Q: 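Have a look at this one.
When reading the values below, keep in mind they use all heavy atoms of this one structure, side chains included, and skip hydrogens, waters and symmetry mates. Small disclaimer: the values here were computed from a predicted structure and weren't measured.
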Amino acid sequence: MPLVNTWGDQVTLELVRQLIEMGGFYFLDKDKRGDFKTIDRLQYIGAMGHPGGGRNDIPNRAKSKFFAFNMPLPSETSIENIYGSILRARFNAKQGAGPQVTECSRRLT
């Protein structure tokens with residue numbers, strides 16, 4: 001992630017925020033300085049991990065431009081309950097699975 005500056009911003013994310021908020025960029029070239037370049041018909045999607053381990057949090061001004069939701073990883077118990085019950089229902093002696101298949105499906109979760 002980009003470095004956080006003195007004001008708590010990250011330059012590249014501020015450019016993304018400006019693009020979303022204003023619909024374009026201002027030119028910085030000497031001959032076009034101050035002219036605005038409009039960007040139309042663009043959709044935005046982003047993903048990120050939790051801050052930590054070398055990852056910085058993104059500024060609140062950038063967060064406010066996105067609908068955000070958190071999807072934590074399920075616990076081992078949840079994985080066993082969900083996928084284990086599916087495998088047990090599908091691969092059992094009643095369904096015609098052999099003992100090796102039944103044992104293998106049990107070990108998968």
Q: What's the separation between atom CD1 in I82 and atom CD1 in I86, rounded to the nearest 0.5 Å?
A: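 Reported value, rounded in 0.5 Å steps: 7.5 Å.
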
Q: Under 4.5 Å between any side-chain heavy atoms of Y44 and K65, yes or no?
A: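 The answer is no; the side chains never approach within 4.5 Å.
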
Q: If you compare all heavy atoms of F36 against all heavy atoms of M22, which two are closest, and at what distance to 0.1 Å?
A: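 Result for this residue pair: CZ-O, 3.5 Å.
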
Q: F67, M48: one ILVMFWY side-chain cluster at the under-4.5 Å cut-off?
A: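 Looking at the clustering, M48 is in a separate group from F67.
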
Q: Are V16 and V11 connected into the same hydrophobic cluster when the rule is that any two of I, L, V, M, F, W, Y join if their side-chain heavy atoms are below 4.5 Å apart?
A: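 The answer is no; the residues belong to distinct hydrophobic clusters.
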
Q: Report, as yes or no, whether the 6.0 Å neighbourhood of atom NZ on K37 holds more than 12 heavy atoms from other residues, nucleotides or ligands.
A: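 No, the 6.0 Å shell around NZ holds no more than 12 heavy atoms from other groups.
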
Q: Is a side-chain N or O of N5 found less than 3.5 angstrom from the main chain of W7, in a donor-acceptor match?
A: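 Side chain of N5 to backbone of W7: a pair is present.
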
Q: To the nearest 0.5 Å, how far apart are CG in L28 and CG in D35?
A: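 Answer for the CG-CG pair, L28 versus D35, is 11.0 Å.
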
Q: Looking at E21, Q18, E14, which one forms a side-chain hydrogen bond (donor to acceptor under 3.5 Å, both in side chains) with R61?
A: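 For R61, the side-chain hydrogen bond (donor to acceptor under 3.5 Å, both in side chains) test succeeds with only one of E21, Q18, E14, which is E14.
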
Q: Within a strict 4.5 Å, meaning less than it, do heavy atoms of the N92 and Q95 side chains meet?
A: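 Yes, close enough: below the 4.5 Å cut-off.
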
Q: Heavy atoms only: give me the nearest T102-F91 pair and the separation to one decimal.
A: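 Shortest heavy-atom separation between T102 and F91 comes out as OG1-O, 3.7 Å.
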
Q: Just by distance, do the side chain of R55 and the backbone of H50 share a donor-acceptor pair under 3.5 Å?
A: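 Side chain of R55 to backbone of H50: a pair is present.
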
Q: Of all the heavy-atom pairs spanning F66 and G46, show the shortest one and how long it is.
A: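 Answer, listing the atom of F66 first, then G46: CE2-N, 4.4 Å.
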
Q: Taking all atoms of both residues into account, what is the closest heavy-atom pair of P59 and L13, and its distance?
A: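 Here P59 and L13 meet closest at CD-CD1, 3.8 Å.
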
Q: Do E103 and Q100 make a side-chain contact, defined as non-hydrogen atoms from C-beta onward lying under 4.5 Å apart?
A: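 SC-SC contact between E103 and Q100 ruled out.
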
Q: So does D57 get a backbone contact from the side chain of Q10, meaning a donor-acceptor N/O pair under 3.5 Å?
A: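 Yes; judged by distance alone, with no hydrogens or angles, the pair exists.
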
Q: Could you report the tightest heavy-atom contact between I79 and P74, atom names first, then the distance?
A: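 So the two residues come closest at CG1-CG, 3.9 Å.
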
Q: Begin with the C-alpha distance, continue with both residues' side-chain angles, and end with the deciding distance and a verdict on side-chain contact (heavy atoms from CB on, under 4.5 Å) for L108 and Y83.
A: CA-CA 9 Å; L108 285 174; Y83 297 108; over 6 Å; no

Q: Using the rule that two of Ile, Leu, Val, Met, Phe, Trp, Tyr join whenever any of their side-chain heavy atoms come within less than 4.5 Å, decide whether I20 and L15 are in one cluster.
A: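 In one cluster with I20: L15, yes.
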
